[in-house]
Each structure stands twice: as C-alpha cells, then as structure tokens.
Participant: 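I'd like to ask you about the structure that follows.
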Amino acid sequence: MKVLITGGAGYIGSTIASALEDTGHTPVILDSLITGKREFTRGRAFYEGDIDDSALLGRIFKEHPDIYAVIHCAALIVVPESTEKPYEYYQDNVAKSLELFRTLRDLGCKRLVFSSSASIYDVVPGFMVTESAPLKPSSPYARTKYMMEMILRDFCAAYGMRGIALRYFNPIGADPKMRTGLHVDSPTHILGRLVDVQLGKLDKFMVTGTDYSTRDGTGIRDYIHVWDLARAHVKAVEGFEQAFQRAGEPEDGYLVINLGTGRGVTVRELVTAFEKVTGKPLAQADGPARPGDVAGSFCNADTARNLLGWQAELSIEQGISDALKWGEMKDKVLKKG
Ligand SMILES: NC(=O)c1ccc[n+]([C@@H]2O[C@H](COP(=O)([O-])OP(=O)(O)OC[C@H]3O[C@@H](n4cnc5c(N)ncnc54)[C@H](O)[C@@H]3O)[C@@H](O)[C@H]2O)c1
C-alpha cells in the first residue's frame, strides 16, 4: 500500500513512515520542513512543500496514482507558542488543512487519517476519557485540532470521503531502531526536557503545575510509545474499511479513535520511572503551570482495540530508555543529513 504522509519529516510522521516500511508499505512524504528534518526523509519519496499547495499535490498524485490513503500529521504543535501566535496556528493548522482537504476531495482521494489530540478533552472526574467525553480545547493549538475534526467530519458527510480522527495522548520515546526521534532543540515535550536534564543540556527539570486535583497534585497524562502510535496508523490504513464496518458504517463517514495506553501517569510518577531507568536522582524543581496547560487525562482505549485491533504494547520504561538512547544519537543522526 502507498500512503501519503503530510508532516512526514516530523517526529510522529517519520516514525509512521518507518512503521509502514517495516510492514511492507510505501510512504510518500509531503513536508515544508518548517519544523521537520530533511534527514528523516532520507531514502523515501519526499516532496518539499506546503499542504495548501494544490499544484504540488496534483503532481504527487500524478506521480503516485496508487496512493491508498493520506495520513495528515502536518501542523504546528507547541501549546505555549500557540497562545502567543494564534494567527500562525490557525493559518497553518486550520486554513491550510482546509485547502488540503479540498484538494484531496478534488483529486478523488477519499481516505483520510487525521492526527488529532487528547488536548481537546475537558478535564473529567477520574481523568479517564472515552471518545464521547466532553470536549473543551483550552489553547489555540487544541482549538485548531478541534476545528479540524469538525471540518473533516463535515467533508466526509458532504463529499463521500471517509475520515478517521486519531486522538493521540502523549507520545514518548523514539523509533526503537533509532532512525528518528524528537528533533527539536528545546523540547516542550516532558520527556524531551527530562532527557535534556540527564544530558546536562538543562540544569533541572521543572514540574510545571503542582496543585491539580490529581493523586499527587501534578498533571496526569497517558504516555504512549511513539512506536505503538505509529503501529496504530499502520492498522488504521490497512484496516481502514474494516474499521468502518466494525463501527456499523456511520452515516457521516467519520470515526474518532483514542490512541493511548489506558493508564494515567502523573508527572511525579514519570520522573520516578525516569530515575529508575537512569539509576540516578534527577535535579528538579516545582513551578507554576504553563499557559494553556490542564490537569490532563488518560484514555479509555477500547475503541482502538475494537475497531483497529490495536493496543499499546511497549512500557513507559521502554519509552524512556528509547528517548535517552535517541538523545545521545540525535545530533549525529541529524548532522549526517
Ligand atoms: N507530539 C505530540 O505530543 C502530539 C500529541 C498529539 C497530537 N499530535 C499531532 O501529531 C502531529 C505530528 O506531530 P509531531 O510531534 O510529529 O510534530 P512535528 O513538529 O515533529 O511534525 C510536524 C511536521 O509538519 C510539518 N509541517 C507543519 N506545517 C506544515 C505545512 N503547512 N505544510 C507542510 N508541512 C508542514 C513540519 O515541518 C513537521 O515536519 C501534529 O498534527 C500534532 O498536532 C502531536
């Protein structure tokens, strides 16, 4: 199967490309490299450009008429930055995605998998969310994801397309074969920051937010190994039609699926797991929550199991140790470019 991945030079998109290749499929990458890395596209069909470039998409589909589905990962993703630069976020994530969906419709591409986010959920008592839990996106970034879900659903209902919105929880780790990983210089992702402390690039780890109503006051998340996440996309593409059959062929041609482990872990628990993996105490301090941060959630993963036949397999410790290994290799891999 050939699959177009927008944002395929990014952390998650490049890992999905590896997972597709490892199962005998062919990824085609479209990425503007606004944040992504050219090195992550090495050896792959790669088109450098923007998702709203309809002429480029026309060329991609002409050169790859056998593209079976599109996985739309391209986006700007930093929550605090989105509160400072809402224009850029709505422009890149919403306006350009809208154009992308229109172009895909015009090109007759009817299968779309969309990278959505657990950050659109409201905080609920007990913190566990199913796909029908109330939504309350609390940052411009999260609102872009929420809007795109609505747009995708309307496109599917009106234009005979089919879309699967995958709501990712908190990806950690790196490709276990170390082809790709988190590439940003100052990661806002929690594990990226933990690794930077371990590598001496940061003095100490700030626990951002300590008075939430969780078991220890720190934010609760569902940390999912990025390789498990990538495997879920392979399942979503391979079993695309079957997922709709299993869901009883919803009239609007649209599915929402949580991707997480089903286990809530607090920031302090993650730090403890990190110290267990490294065997050393970590320099840390408590600080206030960042703009847009919430207490968090973890997922009910039943829908993914029922519709995709997928569940997370890798442990949090494996995610931590792969992130550490990647942290040591990152500069070397990215310089080879
Ligand atoms: N990383 C997370 O914690 C997380 C959690 C939930 C959802 N997601 C979603 O997963 C997707 C991938 O995230 P990631 O962590 O890999 O981020 P990333 O920044 O590593 O990757 C995003 C990629 O999209 C590309 N891109 C951005 N705008 C583009 C445009 N207009 N045209 C072409 N390419 C463009 C960037 O160059 C980059 O390679 C995003 O949609 C994000 O919202 C991520």
Side-chain angles (χ1 to χ4, degrees), residues 4-18 29-41 44 46-54 56-57 60 70-82 85 88-101 103 112-121 137 139-149 152 165-175 180-193 221-226 229-230 232-233 257-260 296-297 299 319 323 326 330 334:
L4 177 64
I5 309 175
T6 74
Y11 170 49
I12 296 170
S14 64
T15 316
I16 296 171
S18 297
I29 310 299
L30 168 62
D31 198 300
S32 65
L33 302 183
I34 185 170
T35 56
K37 293 289 169 193
R38 187 179 298 281
E39 292 90 325
F40 290 172
T41 68
R44 293 177 179 152
F46 170 50
Y47 294 82
E48 183 174 344
D50 222 289
I51 52 169
D52 69 346
D53 184 343
S54 56
L56 178 59
L57 275 150
I60 294 173
V70 175
I71 300 177
H72 178 32
C73 295
L76 299 178
I77 70 151
V78 183
V79 170
E81 185 184 64
S82 77
K85 298 181 177 174
E88 282 80 356
Y89 274 70
Y90 287 111
Q91 171 73 3
D92 203 65
N93 295 5
V94 181
K96 290 185 179 181
S97 291
L98 180 66
E99 288 310 304
L100 169 72
F101 291 176
T103 306
L112 248 155
V113 175
F114 174 59
S115 298
S116 189
S117 167
S119 63
I120 69 175
Y121 284 115
S139 66
Y141 163 74
R143 283 188 277 278
T144 69
K145 291 285 149 183
Y146 174 71
M147 287 179 190
M148 286 320 302
E149 281 205 15
L152 179 58
L166 298 175
R167 290 184 185 152
Y168 308 165
F169 282 67
N170 296 80
I172 59 167
D175 168 29
T180 59
L182 202 51
H183 52 80
V184 288
D185 285 334
S186 311
T188 54
H189 296 74
I190 183 166
L191 195 53
R193 285 185 287 132
R221 299 287 185 275
D222 186 332
Y223 298 103
I224 173 167
H225 197 297
V226 70
L229 198 67
H233 290 72
I257 303 177
N258 282 343
L259 292 184
S297 60
C299 109
W326 171 254
K330 182 177 106 178
L334 291 179

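As the structure lists them, so they are numbered: ligands from 1, and atoms in each ligand from 1. Heavy-atom basis, side chains included; hydrogens, waters and symmetry copies ignored.
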Participant: Write down the atom of G13, the atom of C73, and the distance for their closest heavy-atom approach.
Facilitator: CA-SG, 4.0 Å
Participant: In chain order, what residues pass the ring-ring contact (aromatic ring centres under 6.0 Å, His included) check against F114, with sequence neighbours excluded?
Facilitator: H72
Participant: For ligand 1, give me the residues whose heavy-atom distance to it is below 4.0 Å, by chain and number please.
Facilitator: G7, A9, G10, Y11, I12, D31, S32, L33, I34, T35, G36, G49, D50, I51, C73, A74, A75, I77, D92, K96, S115, S116, S117, Y141, K145, Y168, F169, P171, H183, H189
Participant: Who pairs with F46 by ring-ring contact (aromatic ring centres under 6.0 Å, His included), at least two apart in sequence or on another chain?
Facilitator: none
Participant: Could you pull out the closest heavy-atom pair between S117 and K145, with the gap in Å?
Facilitator: CB-CG, 4.1 Å
Participant: Going by ring-ring contact (aromatic ring centres under 6.0 Å, His included), name the residues that satisfy it together with Y168, two or more places apart in sequence or in a different chain.
Facilitator: H233
Participant: Mind listing the closest non-hydrogen atom pair of P140 and Y90 along with its distance?
Facilitator: CA-OH, 3.7 Å
